[in-house]
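Beneath this line is the structure, given in structure tokens, with notes to follow.
Order of listing sets the numbers, starting from 1, for every ligand and every atom in it.
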Amino acid sequence: MSYVTHLECAKCRHTYSSSEVYNLCACGGPLLVRYDLGRVKAAVTKEALAGRVASMWRYREFLPVEDDSNIVSLGEGMTPLLKTPRLGKAIGIEDLWVKDEGMNPTGTFKSRGAATGMSKVKEFGLKTVAMPTAGNAGGAWSAYAARAGVEMVVVMPVDAPAITMKECYAYGARTYLVKGLISDAGKIVGKAVKKYGYFDASTLKEPYRIEGKKTMGLEILEQFGWEVPDAILYPTGGGVGLIGIWKALDELEEMGWIGSKRPKLISVQAKGCMPIVKAWNEGKEASEFFQGAHTLAGGVRVPKALGDFIVLKACRETGGTAIAVSDEDILKGTFLASRDEGMFICPEGGAAVAAAQQLRQSGFLGAHERVVILNTGSGLKYPEIIDVDLPILEIDEEI
Ligand SMILES: *Cc1c(COP(=O)(O)O)cnc(C)c1O
Ligand SMILES: [Zn+2]
């Protein structure tokens with residue numbers, strides 16, 4: 001059983017039954033899952049959590065699956081939250097931490113959303129799921145579809161990271177490449193969904209992936225002994241993770257597990273694709289389609305996000321900000337974490353490192369604040385961003 005009461009539109013607050021299959025609200029807004037948090041509170045304590053399984057399913061009462069037999073899991077979540085003193089010293093933040101989502105199945109935090117999303121697909125008895133992806137979501141959803149025995153259709157940009165295409169293929173998904181962006185892939189999926197009746201699992205057109213990503217917020221809090229950090233930097237594409245963390249904190253406060261303090265939520269984008277940062281700088285409540293999107297951090301190459309207005313609101317209400325960094329700084333950030341801490345982070349994580357450095361320099365982040373960088377994936381998924389000619393020795397040569 002779950003403690004879900006209903007679905008609620010993030011835009012107009014209209015409510016829907018959680019026992020039926022929905023994508024978006026009639027108004028076009030994304031749907032959020034609502035719980036009877038009083039009953040969650042009665043069912044679980046902080047102490048009870050301590051002895052549970054080391055995956056995101058330790059937060060079972062906070063998750064939307066009715067029947068345990070429908071849970072589709074590959075052991076996602078409960079990733080390390082590591083203190084990074086050498087990196088912290090390099091960028092001038094003493095109490096710096098990295099949440100390493102690269103340790104998840106399929107190498108990114110996308111597995112959290114795929115786990116809850118695919119569990120609900122199984123629970124609703126849906127047969128075929130289709131989604132556009134920048135790469136990593138396709139890999140994750142294909143893996144969980146294989147695990148669930150569901151058919152998966154994926155459309156991704158032709159220049160998405162090669163490994164993500166191979167992953168989808170290896171997991172048996174029907175995988176298509178498009179000469180365009182994730183937004184172009186989305187249009188193709190939209191037509192296929194209408195034509196064949198596939199379930200559309202596009203970012204935020206599916207209410208349950210936020211619930212999986214929300215567990216990052218629950219974990220960060222549990223790993224800090226329920227002490228709220230001062231800031232969290234999040235590389236933002238569709239913004240699902242940031243929205244999820246924000247939602248987790250609200251639920252924890254409503255249950256009385258934390259107070260009203262919030263970490264400054266900081267949305268990090270690349271200068272070559274910064275719709276949310278642009279909207280932030282212009283004081284707007286929503287973003288516009290960003291023309292000519294390009295960055296080597298493919299996970300954040302999303303020219304228009306359905307949940308942009310929620311991301312902007314979360315940054316505003318927590319005293320956070322939105323900041324864009326250059327591809328050059330993204331690479332520097334990636335190498336900094338690798339060389340100072342032995343963490344081969346993804347370029348999206350590198351963007352968050354670069355942003356932390358710049359926000360420290362501008363004084364937005366204090367030297368003694370507790371700051372968390374979300375490394376959303378493993379650098380192992382991006383071999384092509386490291387362009388190096390290593391010395392090749394003759395067999396009898398010395399070094
Ligand atoms: C998808 C992705 C992001 C962006 O996540 P959203 O929830 O869409 O904002 C960041 N980093 C990586 C590695 C990703 O795959
Ligand atoms: Zn609505």
- request: May I ask you to check whether C9 brings an N, O or S atom to under 2.8 Å from the Zn ion (ligand 2)?
  value: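 An N, O or S atom of C9 is closer than 2.8 Å to the Zn ion (ligand 2), so yes.
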query: Going by atom types alone, do E151 and T128 pair a side-chain donor with an acceptor below 3.5 Å?
result: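 Yes, T128 and E151 have a side-chain donor paired with an acceptor closer than 3.5 Å.
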- prompt: Taking atom types as modelled and ignoring hydrogens, do the side chains of D100 and N375 form a donor-acceptor contact shorter than 3.5 angstrom?
  reply: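 N375 and D100 do have a side-chain donor-acceptor pair below 3.5 Å.
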task: Taking the six-membered ring for Trp and the full ring for Phe, Tyr or His, determine whether the centres of Y16 and Y22 are under 6.0 Å apart.
output: yes
query: Quick one: are the ring centres of W97 and F224 less than 6.0 Å apart?
result: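 Centroid separation for W97 and F224: below 6.0 Å.
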Do any nitrogen or oxygen atoms of ligand 1 lie under 3.5 Å from a protein nitrogen or oxygen, and which ones?
from, atom 1, to, atom 2, distance (Å)
ligand 1, 5 (O), Y234, OH, 3.2
ligand 1, 7 (O), K213, NZ, 3.1
ligand 1, 7 (O), Y234, OH, 2.7
ligand 1, 7 (O), V240, N, 3.1
ligand 1, 7 (O), G241, N, 3.3
ligand 1, 8 (O), G238, N, 2.8
ligand 1, 9 (O), Y234, OH, 3.3
ligand 1, 9 (O), G237, N, 2.8
ligand 1, 9 (O), G238, N, 3.2
ligand 1, 9 (O), G239, N, 2.6
ligand 1, 11 (N), T376, OG1, 2.7
ligand 1, 15 (O), K110, NZ, 2.8
ligand 1, 15 (O), N136, ND2, 2.9

message: For E219, is there an ion pair with R58 - N to carboxylate O distance below 4.0 angstrom?
response: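 Between E219 and R58 there is no salt bridge, as every charged N stays at least 4.0 Å from the carboxylate O atoms.
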- request: Report yes or no: is the cationic atom of K304 (NZ for Lys, CZ for Arg) closer than 6.0 Å to the six-membered ring centre of F290, at no more than 45° off its axis?
  value: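 No, cation not above the ring by the 6.0 Å, 45° rule.
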- prompt: Going through the checks in order, is the side-chain hydrogen bond (donor to acceptor under 3.5 Å, both in side chains) test met by E348 and T376?
  reply: CA-CA 7 Å; E348 295 82 357; T376 42; 4.8 Å; no
message: Test of geometry: compute the angle SG(C25)-the Zn ion (ligand 2)-SG(C12) and round it to 10°.
response: 110°
